[in-house]
K.L.:
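This is the structure I have questions about; it appears just below.
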There are 2 protein chains.
Amino acid sequence: MGDTHLDRAVRLDRADRLAGYRDRFVIADPALVYLDGNSLGRLPVATRDRLRAVVDTWGTELIGGWDRWIEVNRAAGDVLAGIVGAAAGEVILADSTSVNLYKLACAALAARPGRTVIVTDDDNFPTDRYVLAGIAADRGLTLRMVGTDPDRGIDPAAVTAALDGDVALLCLSHVSYRSGAVADLPALTAAAHEVGALVLWDLCHSAGAVPVGLAAAGADLAVGCTYKYLNGGPGAPAFLYVRADLQTVVRQPIWGWFGQSGQFAMGPSYDPLPDIRRFLVGTPPVLAAYAALEGARLTAEAGVEAIAAKGRALTGYAVDLVDAWLAPLGFRLASPRDPCRRGAHVTLHHPQAWQVCQALKAAGVIPDFRAPDRLRLGMAPLYTRFVDVHSGLSRLRDVVGAGAHEPYPSVPAGIT
Amino acid sequence: MGDTHLDRAVRLDRADRLAGYRDRFVIADPALVYLDGNSLGRLPVATRDRLRAVVDTWGTELIGGWDRWIEVNRAAGDVLAGIVGAAAGEVILADSTSVNLYKLACAALAARPGRTVIVTDDDNFPTDRYVLAGIAADRGLTLRMVGTDPDRGIDPAAVTAALDGDVALLCLSHVSYRSGAVADLPALTAAAHEVGALVLWDLCHSAGAVPVGLAAAGADLAVGCTYKYLNGGPGAPAFLYVRADLQTVVRQPIWGWFGQSGQFAMGPSYDPLPDIRRFLVGTPPVLAAYAALEGARLTAEAGVEAIAAKGRALTGYAVDLVDAWLAPLGFRLASPRDPCRRGAHVTLHHPQAWQVCQALKAAGVIPDFRAPDRLRLGMAPLYTRFVDVHSGLSRLRDVVGAGAHEPYPSVPAGIT
């Protein structure tokens with residue numbers, strides 16, 4: 001059990017090579033402890049400035065702004081490629097994660113004709129499960145669900161047991177949205193390839209938090225959002241990855257004009273571009289795309305390895321405080337204990353997690369609730385300090401120790 | 001042939017009830033004649049202010065901002081519903097036009113099982129033709145193309161002749177992107193219904209320019225963009241319409257979490273909301289969505305009938321000047337002469353349209369080029385004055401009269 005004195009947090013912050021990045025974000029209320037960067041990242045100062053500039057460009061250059069805007073999806077994609085361990089030209093900003101998941105899952109199925117099974121796990125993020133279920137229903141395919149312990153993350157043996165020659169596609173999240181558990185991306189990619197299936201990774205909770213290493217693992221396809229650890233803003237456009245050699249092999253189902261060769265020739269038939277842009281569909285939301293670009297740049301500048309190292313240190317420190325302060329109050333760790341198996345958030349079980357969440361917000365700490373009994377604490381390494389973890393968890397201890405959560409009403413219907 | 005003196009334009013501007021709306025937009029360069037609002041509308045002052053406020057909310061309220069942001073798609077949809085002649089709850093802001101077209105076309109096909117034909121016209125906007133071709137290819141259906149004269153617009157008799165009991169879906173644009181010709185939406189909707197087909201209208205070039213009257217016509221489905229006459233900003237999110245009684249009958253193929261009942265319960269299976277929100281997919285781009293909302297509000301405030309009346313007057317005035325000044329210089333009208341059959345843009349043929357377009361930009365007038373030989377002149381009624389039309393067309397006359405376009409290189413490969 002570690003040292004719980006504030007001094008330790010102060011020492012860790014002093015030694016933190018990324019400490020300066022906090023000043024790159026708008027910190028409107030310095031007293032607020034924000035532990036939900038895994039839901040919505042903070043506003044970078046550069047993004048605020050960039051958005052003003054893009055709006056001004058719209059006002060002054062009007063349609064002429066498109067001479068530059070047309071490049072934003074690819075420019076952001078190239079920055080994101082570096083963050084997820086891919087090469088420039090393998091990633092592009094586009095649509096939402098859900099739409100991208102649909103496009104790439106359909107593309108994978110078309111590339112494996114005759115195979116009738118999609119494999120995912122029952123703890124995968126809801127939109128992933130729903131999108132895959134919709135595709136399976138539409139095409140008369142089987143969606144095979146692997147059972148996953150929501151506190152421990154994906155069991156590679158269970159996934160491997162679900163893979164056979166009928167499987168067209170394995171679709172999994174790299175980091176679990178509930179536990180923060182990291183899946184073994186290289187081993188699971190290899191297992192899918194072993195049976196001739198393609199693999200599609202959801203990187204929403206890992207991009208910008210842990211190294212992904214798509215190229216090193218030979219991963220086929222991936223999607224992810226930019227509004228969590230990448231600080232791209234609320235609902236910022238998502239990204240998708242298609243390994244270079246697959247780009248002209250697989251074909252996505254939504255044949256939009258932004259994927260067309262000679263887009264402005266407006267010719268009679270669809271002839272997709274021979275590169276990652278063929279996975280674009282319609283006109284991109286330029287304002288939101290520039291916010292995503294600026295956010296990604298900040299992560300790329302800091303470096304994913306340094307971010308991940310700090311993430312392990314922050315979550316490890318949090319686990320020490322949980323053990324010392326919170327376990328005696330009825331909290332139980334709902335994340336892997338091994339720091340190398342965690343993303344940048346730590347989840348706790350508590351029978352009154354909803355009420356605790358409300359009381360904690362009232363005490364100036366923003367956590368996140370996940371049904372039915374989980375409190376998620378996100379520690380975004382670019383701006384979360386060790387003193388924030390100390391402050392957040394000591395307030396949590398004080399709130400629950402004093403029973404300040406008890407008066408709050410229980411979790412509303414529709415959330416459980 | 002009308003009066004070509006500037007006095008006439010000045011008189012028309014003085015009598016214009018919408019004249020005050022020009023001040024609601026950022027006019028960075030008062031000398032610039034902007035005739036491309038049909039590609040990208042101008043920046044409303046309210047939008048610039050709103051975007052700063054939304055960015056501030058992100059910075060200060062962080063995840064708490066979603067308590068309000070979650071409503072933006074529906075709030076914008078209700079404003080847009082009034083603009084296209086639908087009821088509140090029948091329209092929602094979502095994704096891009098292309099993605100929405102895909103979703104609703106697939107939904108229509110699923111609602112007409114056994115029918116094997118999609119009908120559109122060969123002059124429809126490229127992304128519409130491509131998206132439909134992709135769906136047809138994927139599902140082994142026939143895409144039946146009706147021939148359309150690109151200067152005159154859709155021939156109702158030709159469309160009707162293409163409709164039979166095999167047709168699941170008729171998909172057309174209300175206003176042609178090239179000629180600006182208005183299709184007879186009520187008659188064509190009725191013709192589709194006559195054979196038991198559903199109809200899907202693309203309103204990109206009509207929403208905010210002419211009355212659409214979806215409900216009055218009993219139209220089934222529609223999509224449209226918000227970045228042209230609705231001034232929503234570059235790549236602003238699109239909208240979709242599903243008639244109220246169809247909303248729980250048709251089902252779209254991309255089962256994302258924003259369409260889910262009890263989204264944050266994150267339950268095991270997809271159970272779509274019983275209203276227009278079931279046509280949402282992923283997390284909406286909040287910044288871009290608020291820009292779309294503000295733009296739509298301005299149009300709703302001014303009123304579509306008043307806007308359309310001014311649009312007919314502006315384009316009618318432009319046609320007078322074309323007849324007087326430009327016909328002798330080799331220009332030929334590529335839009336309907338009847339003002340009631342035009343949207344808010346006028347298109348001209350010229351054998352050197354590309355070069356003319358470049359020379360005109362150099363002369364401070366922004367038109368738009370469409371392959372192979374068309375110059376499009378958009379007259380957005382909320383901010384285009386009659387004196388702008390006079391100034392733009394007189395500069396066009398002077399440029400071509402002096403041969404100032406001749407030195408420009410011919411149209412680059414990739415555009416023809």
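Keep in mind the model is a prediction, meaning the values are calculated, not measured. To find a chain, count down the sequence lines: A is the first, B the second, and so on, and within it residues start at 1. What you see below is based on every heavy atom in this structure, not just the backbone, and it leaves out hydrogens, waters and symmetry mates.
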K.L.:
Please determine, among Pro237(A), Ala238(A), Pro126(A), the option with the most heavy-atom pairs under 4.5 Å with chain B.
P.N.:
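Most pairs with chain B among the choices: Pro126(A).
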K.L.:
Hey, could you give me the OG1/CZ distance between Thr127(A) and Phe258(B), rounded to the nearest 0.5 Å?
P.N.:
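The distance works out to 9.0 Å.
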K.L.:
Between Ser261(B), Gly65(B), Ala133(B), which has the largest tally of heavy atom pairs under 4.5 Å with chain A?
P.N.:
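Answer, by heavy-atom pair count under 4.5 Å with chain A: Ala133(B).
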K.L.:
Within the structure provided, determine whether Leu40(A) and Trp58(B) are in side-chain contact (heavy-atom separation under 4.5 Å).
P.N.:
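Side chain of Leu40(A) against side chain of Trp58(B), heavy atoms only: contact under 4.5 Å found.
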K.L.:
Of the backbone (N, CA, C, O) and the side chain (C-beta and beyond), which part of Thr283(A) lies under 4.5 Å from a heavy atom of chain B, both, or neither?
P.N.:
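The answer is both parts of Thr283(A).
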K.L.:
State plainly whether the residues Arg139(A) and Asp138(B) are in salt-bridge range, i.e. N to O under 4.0 Å.
P.N.:
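Looking at Asp138(B) together with Arg139(A), the answer is yes, because their closest N to O distance falls below 4.0 Å.
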K.L.:
At a heavy-atom distance under 4.5 Å, which candidate from Asp128(B), Thr97(B), Ile366(B), Ile254(B) has the highest pair count against chain A?
P.N.:
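Sorted descending by pairs with chain A, the first entry is Ile254(B).
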K.L.:
Looking at CH2 of Trp255(B) and CD1 of Ile135(A), how far apart are the two atoms once the value is rounded to the nearest 0.5 Å?
P.N.:
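It comes to 10.0 Å.
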K.L.:
Sequence neighbours excluded and cut-off under 3.5 Å, please list the side-chain donor-acceptor pairs for residues 41-54 of chain A, or say none.
P.N.:
from: Arg50(A); atom 1: NE; to: Glu294(A); atom 2: OE2; distance (Å): 2.9
from: Arg50(A); atom 1: NH2; to: Glu294(A); atom 2: OE2; distance (Å): 3.2

K.L.:
Against chain A, label Ile63(B) side chain, backbone, both or neither, depending on which of its atoms sit under 4.5 Å from a heavy atom there.
P.N.:
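Contact with chain A: backbone and side chain both.
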K.L.:
What part of Tyr177(A) gets within 4.5 angstrom of chain B, counting heavy atoms only: side chain, backbone, both, or neither?
P.N.:
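Looking at Tyr177(A), just its side chain touches chain B.
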K.L.:
Supply the atom-to-atom distance Phe125(B) CZ to Trp257(A) CH2, rounded to the nearest 0.5 angstrom.
P.N.:
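Phe125(B) CZ to Trp257(A) CH2: 3.5 Å, rounded to 0.5 Å.
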K.L.:
Against chain B, label Pro284(A) side chain, backbone, both or neither, depending on which of its atoms sit under 4.5 Å from a heavy atom there.
P.N.:
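The answer is the backbone of Pro284(A).
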K.L.:
Highest number of heavy-atom pairs under 4.5 Å with chain A: which of Ala288(B), Cys225(B), Ala236(B), Pro268(B)?
P.N.:
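Going by pairs under 4.5 Å, I would pick Pro268(B).
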K.L.:
Between Gln252(B) and chain A, with a heavy-atom cut-off of 4.5 Å, which part of the residue counts as in contact: side chain, backbone, both or neither?
P.N.:
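Neither the backbone nor the side chain of Gln252(B) comes within 4.5 Å of chain A.
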K.L.:
Contact part of Gln260(A) toward chain B, heavy-atom cut-off under 4.5 Å: side chain, backbone, both or neither?
P.N.:
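Side chain only.
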K.L.:
Check each atom of Leu32(A) against the heavy atoms of chain B and say whether the ones under 4.5 Å are side chain, backbone, both or neither.
P.N.:
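Only the side chain of Leu32(A) comes within 4.5 Å of chain B.
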K.L.:
Highest number of heavy-atom pairs under 4.5 Å with chain B: which of Gly64(A), Gly282(A), Pro253(A), Pro285(A)?
P.N.:
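If we count pairs closer than 4.5 Å to chain B, Pro285(A) comes out on top.
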K.L.:
Looking at Asp36(A), Val55(A), Leu62(A), which makes the most heavy-atom pairs under 4.5 Å with chain B?
P.N.:
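Counting heavy-atom pairs under 4.5 Å, the top option is Leu62(A).
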K.L.:
Between Asp29(B) and chain A, which part of the residue has a heavy atom less than 4.5 Å away: side chain, backbone, both or neither?
P.N.:
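Contact with chain A: none, neither part.
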K.L.:
Below 4.5 Å from any heavy atom of chain A, which atoms of Ala291(B) appear? Answer side chain, backbone, both or neither.
P.N.:
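Only the side chain of Ala291(B) comes within 4.5 Å of chain A.
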K.L.:
At a heavy-atom separation under 4.5 Å, does Ala289(B) approach chain A through its side chain, its backbone, both, or neither?
P.N.:
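Contact with chain A involves no heavy atom of Ala289(B) at all.
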K.L.:
I need the residue from Cys106(B), Ala110(B), Ala28(B), Gly259(B) with the largest number of non-hydrogen atom pairs under 4.5 Å to chain A.
P.N.:
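Looking at each of Cys106(B), Ala110(B), Ala28(B), Gly259(B) in turn, Ala28(B) comes out on top.
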K.L.:
Quick check for you: to the nearest 0.5 Å, what is the distance between Met266(A) atom CE and Asn124(B) atom CG?
P.N.:
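It comes to 11.5 Å.
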K.L.:
Under a 4.5 Å cutoff for heavy-atom pairs, which residue among Ser98(A), Pro234(A), Gly256(A) has the most contacts with chain B?
P.N.:
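When all of Ser98(A), Pro234(A), Gly256(A) are compared, Pro234(A) has the most.
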K.L.:
Non-hydrogen atoms of chain B under 4.5 Å away: do they reach the side chain of Tyr227(A), the backbone, both or neither?
P.N.:
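Side chain only.
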K.L.:
Atom OH of Tyr290(A) and atom CG of Leu287(B): how far apart are they, to the nearest 0.5 Å?
P.N.:
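Separation between the atoms: 14.5 Å.
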K.L.:
Using 30° and 60° as the class limits, which term best fits the ring planes of Tyr102(B) and Tyr102(A): parallel, tilted or perpendicular?
P.N.:
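Plane angle over 60°, so perpendicular.
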K.L.:
Between Ser96(B) and chain A, which part of the residue has a heavy atom less than 4.5 Å away: side chain, backbone, both or neither?
P.N.:
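Ser96(B) touches chain A through side-chain heavy atoms alone.
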K.L.:
My understanding is that only residues two or more places apart in sequence, or in another chain, count here; which of them pass salt bridge (charged side-chain N to carboxylate O under 4.0 Å, His left out) with Lys228(B)?
P.N.:
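For Lys228(B) there are no salt bridge (charged side-chain N to carboxylate O under 4.0 Å, His left out) partners, ignoring immediate neighbours.
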K.L.:
Would Val99(B) and Asp95(A) count as a side chain to side chain contact (heavy atoms under 4.5 Å, CB included) here? Give the steps.
P.N.:
CA-CA 9 Å; Val99(B) 168; Asp95(A) 298 311; 3.9 Å; yes
